[in-house]
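Keep in mind that the numbers below use all heavy atoms, side chains included, and drop hydrogens, waters and symmetry copies. Sequence lines set the chain letters: A, B, ... in the order given, protein chains first and strands last, and positions in each chain run from 1.
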Amino acid sequence: METILSVNNLNVSFDTDAGEVQAVRGVEFDLRRGEILAVVGESGSGKSVMSKSLAGLVPKPAGRVKAGSIIYKGEDITKFSKKRMRSLRGAEISIIFQDPMTSLNPTMPVKKQIMEGILTHQKVSRKEAEAKMLELMELVGIPDAHERAGLYPHQFSGGMQQRVVIAMALACNPEIVIADEPTTALDVSVQAQILDLIKDLRDRTGTSFLFITHDLGVVAEVADRVAVMYAGKIVEIGKTDEVFYNPQHPYTKGLLEAMPDLKLGSDELKTIPGSPPNLLYPPKGDAFAERNEHALKIDFEQAPPMFKVSDTHFAATWLLHDKAKKVALRIEQMKIKEELHASAEEVPALDRTEKLLEIRDLKQHFQINKKHTVKAVDGISLDVFKGETFGLVGESGCGKSTTGRTIIGLNPRYGGEVRYMGEDVRSMKQSELKKKIQMVFQDPYSSLNPRWTVADIIAEGMDIHRLYTDRRKRMEKVHQLLETVGLAKEHANRYPHEFSGGQRQRIGIARALAVEPDLIIADEPISALDVSIQAQVVNLLKKLQKEKGLTYIFIAHDLSMVRYISDRVGVMYKGRLVEVADSDELYENPLHPYTRSLLSAIPVADPHATRSRERMEKAEFVHSEEDRFREVTPGHWLLCSEEEASRHAAGNLAGDRVLTEGELV
Amino acid sequence: MRMDEAELHDGLFELSGEEGRKKQVRASVPTTSYWKDSWGRLRKNKGAFAGLIMIGLILFLAVAGPYMNSHGFDDQNLEHANLPPKVPGLEKISWLGMSGADIRGVDQYEAKGVEGYYWFGTDSLGRDIWTRIWEGTRISLYIAFLAAALDLVIGVAYGSISAYYGGRVDNVMQRIIEVLIGIPSLIIVILLILVLQPGIVSITLAMVITGWVNMARIVRGQVLKLKNQEFVLASRTLGAGDGRLMGGHLIPNTLGPIIITTMFTIPSAIFTEAFLSFIGLGLQPPIASLGTLVNDGFKMMKIYPHLLMFSSIIISLIMVSFNLLGDGLRDSLDPKMRK
Amino acid sequence: MKKYIFSRFGYMLFTFLLIATFTFFLMHTLPGSPFNDERLSAAQKAMMAKRYGLDEPLAVQYFKYLGNLLAGDLGVSFQFDGRSVTSIIGERIGVSAVLGAQSLIAGTVLGLLLGIVAALKHNTFLDYGSMIIAVLGLSIPNFVFAGLLQYWVGVRLQWLPVAFWEGFEYSILPTIALAAFVVATIARFMRNEMLDVLGHDYIVTARAKGIRESLLIIRHALRNAMIPIVTILGPLAVSLMTGTLVVEQIFSIPGLGEQFVKSILTNDYPVIMGVTLFYSFFFILIVFVVDILYVLIDPRIRLTGGGSRANG
């Protein structure tokens, strides 16, 4: 295939108060005509800066291209004048950004925003531009383009906004579209649609896409080739299958292993210890060496060059050097041994007799104004057994977080009943209850008071309940908790902003543990973290469960992680629980059509599986009055009519509920 | 990447174990609290720092200034009336206007046979302007600080209660604010002074009656935002009571905006007081404030510009300093700048 | 939308009623009013009371007063015997309005320019210069600035007339004195808004389309930055209003502000109250208009407008 863009030894730096941050350090790759090349990396890996520099959009004066070249059609665009670059931008190289809400001008109708690019680069009349604009809106799948073109961005849903952004990017039939995390801000089912759209557009227009993402599942879904970035460098690049099934760089391997596998049951997740380096002080050798258990001596001395694995597959690791053959073999053997050792541990079967929490017909309605009520939670019943992990999944707005918050008493006025160990929580002593049930929050940045030291944050619960009046004992307990969650004593006197996201999440867990609760409600505890850090936190939660006999309610939208950690899973849809089952049962034998469409939309980090999978259209469901939550097979509950229940009980899927007409999201 | 193959001896291709990791020392950032951080940023802001020093100096002079010479605040000496400024040492630099010469260049001290020095000159009753200005500054600052403190107490209480309890309480309290915000405050101040008669307390109270609304709105906005932050929710799930939530989480995280707002209340109070003097509703003699001094100065502006000059300079300096400091604080306390 | 306007209108009426009531009761408690003058005999007092309707019950007086207000009758001046306050305001308001409008327009134009330049040339000499002007404009009291102008430009340099109102050149110095605050406020606000808008993602998106930088600034940045300017019109109106009190006084301009100050000095209460009510009404009206305007200008908060949300 023809190479359309060639990046050579690209270096981009930012000047900050603290010094020079080397965000991109010698990146090299080719982009070919009509391909989708995914660049995957964690936050701070430089992938976003790199992509911006391809369109000449590195924010100046703080950022600058320090060295290297970007060859497009035989010319180095880093040397282009501002004017020349402008004529290229939008016309031949376009960009799609992450959040469609903020990347559209809120005070300009979408029609104008789409036409703007056309009128800038092409000598066409307004009328022609308008025709082209409507054509584009149809191309990206916006129904009723005629009527909707004059609307403002906020009058569209998130998925539709992203379609508008894509239409803008495609306005002048560009050669290259750079998509910078274009689906990260969207729900899974919307994400699936946008990914399909991008693949479809590539097929129809022959445009090349550079697809930036942190999500390996998305990569497997869309990419022809993958480049893995770490600490400002590409550490591995190759065809998608090559990288997924024959990874060479220890970092790529670590990333792939840290992903829970939808197919397999729950072994312990492999983790990558530590966190990415600060590019103010880029490490000397292989940037990943520090987090690599099996690092070589040379990894700390010299940066590895790109080694060729196949004609299309390259990786920058010393393990591919001729002299490393022996040691590479030894590392493989060590790993296999570790795995055997790990899986030797038998997990005792869960004894599901003692009900810790019983929820009956829980309702949480919020009155917005006199006419309008939001039924965030609309009649949920479920039991949580002692010692289990109950996963609660659903898309944003389905009421899963509200459920968690209502259980813990953050929304004091609710309908229905919550019983803890058989006792109605309303009649329990609040101070007692608050020691029994604790919560871990989603956002590692806002969940810790920025004015407090870590010690005070962790000790807050102990202070409230006056558990330790002696200052020294209180501090001892704080130190002990810090160690439990994998932090050091020295961290006690620091402030939250000095920690990374994963570390903050550990602090949040320590705070919850301080009052020694029985039940922890974890509200999307890992969704704000990078893949390699997610596994660390999940493993920590598992370890604590084992040690302390904790019960979890694990709320998340990441279905693969939920399956991995949960014993049972409940699926929520529009304020109601539509299906509950053991996690393996739910994933292998989903009954509710919503569950099935949701499962079919999750990107899986397995290109083969992705290709063979059929995707279901996302659809709206209406439940009728007679629909009840019924146990169709032992332990498998479903929101359905009696007739459906008996059919499912007989194992008959035919004559499944007919979906109301599929509506695009 | 080019490198010498020969340099890559076999020994390098061995597992490194812990040893390599130890060599890689991560640069650690020294621990800093929010306030230390902010102070560091404020110090770097030249304007704000200059403002801070200027405020310190003016505060010092407002306290100590009147005692720095032997002239009393209300000592009248008609023989010494309308003397231009004369400062020992500076009197020899003619263009500075500190030589005791009036606008026609006649040395009034010689003409009237006055011995000694009036640093800022004297007024029509022969009172020492230096002493009067610092006394006046003291009164002006006193009014401003008092008004700002009352605004702060009422505003913080009102705003935080309104936001914290929310619902119907907030609804009613907000309606009241909406009405008050629609009232032009200076008009109310003028009307009140007409009734209450000008005085330190009445002027302060008149300003506070409408002044606290601004603080209340800012605090309410902040608390509303913070209330749903996860660290506050976390504290609630741990069983924290109202007092702890307010005092431990909500108010401390609102302190930045509170301080900033206060920094802007002070100059506006000083201005309002001076403005009242100017339209004839200022403090009555013998009490003098910067405002009344400026007002008095205006009457003789063309003949004795020194009467107006010093009081105007001081009041402008105070205003500029507080505004600079307020701006600097806004930048340094602004949480948006924190990573 | 209609509901919003109605509720705002309700607030406006209520606020005005509140001020009117407040003013009415103040009138009755004021010390030193002619009715409390000790030199008057009981008979004279009774006569005056009858003339001004003070012998009637308070409630009756109050509603009469409100009725008069609605009819635009603000009472009769003590100072200028027999002249109605309304006619005094009518005679004086023209000059103040011209002065205020000149300052507002000149100040806004200059302020916008300074603010935009400062934002576009962020952290350069131009930025610092503009912001120094802004801080000075906000900080230096208008009476000091007016005095300074009068003394240097008028008395010392004799370039422009120092007082009275007899032609355009007479209005220059007072306009400058009044506009300083407007320039400073708008420049600062505009700069901050511009910097904020320029940091938004949609600016980068627009840039990614390859449109010219000048178009980008005008179409995307300026428009969005200028929308919130509407919100500071209220405070600006107040500052201009109070500014005229001082500036008209200093430059001896026969406007409403000068009359107001004169009336305070002579205890002419009906005029004081009348002008106060007039000012309040003016201010409340501006707040109302601003609220409505803001909703109309900004499509994000346009409450109903062009049809329902097109989601699905």
- In terms of heavy-atom contacts, A/L186 and A/G159 come closest through CD2-N, 4.2 Å

- Message: Counting only non-hydrogen atoms closer than 4.5 Å, does A/L57 touch chain C with its backbone (N, CA, C, O), its side chain (CB onward), both, or neither?
- Response: side chain

- Message: Restricting to non-hydrogen atoms, name the atom on C/R191 and the atom on C/A118 that form the minimum distance, rounded to 0.1 Å.
- Response: CD-CB, 3.7 Å

- Toward chain C, the part of A/S103 with a non-hydrogen atom under 4.5 Å: both

- Item | Residues A/D180 and A/K47 bridged, charged N to O under 4.0 Å | no

- Query: Within the distance-only criterion (no hydrogens, no angle test), does the side chain of C/N142 pair as donor or acceptor with the backbone N or O of C/L178 below 3.5 angstrom?
  - Reply: no

- Query: Which class fits the ring pair C/F16 and C/F281: parallel under 30°, tilted 30 to 60°, perpendicular over 60°?
  - Reply: perpendicular

- Message: Check the orientation of A/Y594 and A/Y573. Use parallel for under 30°, tilted for 30 to 60°, and perpendicular for over 60°.
- Response: tilted

- Task: May I ask you to list the residues in residues 205-225 of chain C that approach chain A closer than 4.5 angstrom, counting heavy atoms only, ordered by number?
- Result: C/T205, C/R207, C/A208, C/K209, C/G210, C/I211, C/R212, C/E213, C/R219, C/H220, C/R223, C/N224

- Message: For chain C, which candidate among A/A91, A/C172, A/P106, A/S87 shows the most heavy-atom pairs at distances under 4.5 Å?
- Response: A/P106

- Message: Checking A/E175 against A/Y72 for the side-chain hydrogen bond (donor to acceptor under 3.5 Å, both in side chains) test, could you report, in this order, the C-alpha distance in whole Å, the side-chain angles of both residues, the deciding distance, and whether it holds?
- Response: CA-CA 10 Å; A/E175 299 275 2; A/Y72 174 73; 4.6 Å; no

- Region of A/I93 in contact with chain C, defined by heavy-atom distances below 4.5 Å: backbone

- Message: Please enumerate all residues that pass ring pair (Phe, Tyr, Trp, His ring centres under 6.0 Å) together with C/F278, with sequence neighbours excluded.
- Response: none

- Query: Non-hydrogen atoms of chain A under 4.5 Å away: do they reach the side chain of C/I203, the backbone, both or neither?
  - Reply: neither

- With chain C, the option among A/M108, A/E116, A/K112 that has the most non-hydrogen atom pairs under 4.5 Å is A/E116

- Task: Please flag which part of A/E147 lies under 4.5 Å from any non-hydrogen atom of chain C: side chain, backbone, both or neither.
- Result: neither

- Query: Is the shortest heavy-atom distance from the side chain of C/L114 to the side chain of C/M190 under 4.5 Å?
  - Reply: no

- Item | When A/L119, A/I95, A/L104, A/T102 are compared by non-hydrogen pairs under 4.5 Å with chain C, the top option | A/T102

- Closest non-hydrogen contact found for A/M137 with A/A145 is CB-CB, 3.7 Å

